[in-house]
Amino acid sequence: GRLADFSSTGASVMLPRAALARRGETSTLELRLGDFLLEVPCKVAHLRAGNDCALCGVSLSFPDTDTQKAFLQLLE
């Protein structure tokens, strides 16, 4: 999916309209910038179907402070 919005604690990802996800389901948010890849464990907070896509909100679960710092640098 495509990143629609993100904050220091969560993100919204645009998915195909037929996407299925359940609240509380675990996943991994992958963020790529050039050759850099950051993987952050997350949980589905909500899935809302729209006309063209589904918007999936996730809450982030940083495994360590290094991952959190790297994510916050991207946020800036």
Side-chain angles (χ1 to χ4, degrees):
R2 271 187 22 200
L3 188 64
D5 192 18
F6 65 106
S7 70
S8 61
T9 59
S12 293
V13 182
M14 293 187 319
L15 300 173
R17 191 170 191 277
L20 297 175
R22 291 192 176 118
R23 184 180 177 107
E25 185 177 349
T26 60
S27 188
T28 301
L29 179 67
E30 293 183 355
L31 299 170
R32 295 178 190 273
L33 184 60
D35 292 335
F36 179 74
L37 170 65
L38 179 65
E39 297 180 322
V40 182
C42 60
K43 284 189 179 181
V44 174
H46 63 80
L47 181 68
R48 296 189 178 112
N51 291 334
D52 300 328
C53 67
L55 191 61
C56 183
V58 296
S59 60
L60 305 175
S61 304
F62 298 105
D64 52 54
T65 56
D66 288 339
T67 303
Q68 186 175 21
K69 286 179 185 178
F71 181 81
L72 293 174
Q73 284 182 329
L74 286 175
L75 189 63
E76 292 178 357

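- When all heavy atoms of Pro16 and Ala54 are compared, the pair lying nearest together is O-CB, 3.7 Å.
- Across Val44 and Ala21, no two heavy atoms sit closer than the pair CG2-CB, 4.1 Å.
- Counting all heavy atoms, side chain and backbone alike, Cys53 lies closest to Leu15 at CB-O, 3.2 Å.
- With sequence neighbours excluded, the residues satisfying side-chain hydrogen bond (donor to acceptor under 3.5 Å, both in side chains) with Thr67 are Asp64.
- Sorted by first then second residue, the ring-ring contact (aromatic ring centres under 6.0 Å, His included) pairs that include residues 38-76, not counting sequence neighbours, are Phe6-Phe71, Phe62-Phe71.
- Contacts classified as salt bridge (Lys or Arg N to Asp or Glu O under 4.0 Å) and involving residues 42-54 (residues at least two apart or in different chains) are not found.
- If you take CG on Leu38 and CD on Gln68, they are separated by 11.0 Å, rounding to the nearest 0.5 Å.
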Review item, side-chain donor-acceptor pairs of residues 25-35, under 3.5 Å, at least two apart:
residue, atom, partner, partner atom, Å
Glu25, OE1, Arg22, N, 2.9

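- In this structure, the side chain to side chain contact (heavy atoms under 4.5 Å, CB included) partners of Ser8, at least two apart in sequence or on a different chain, are Leu72, Leu75.
- Annotation for Leu47 and Cys56: closest pair CD1-CB, 3.7 Å, computed over non-hydrogen atoms.
- Applying the 6.0 Å contact sphere to CG of Leu37 captures more than 12 heavy atoms from other residues, nucleotides or ligands.
- Here Ala4 pairs with Ser12, Met14, Leu55 under the side chain to side chain contact (heavy atoms under 4.5 Å, CB included) rule; sequence neighbours left out.
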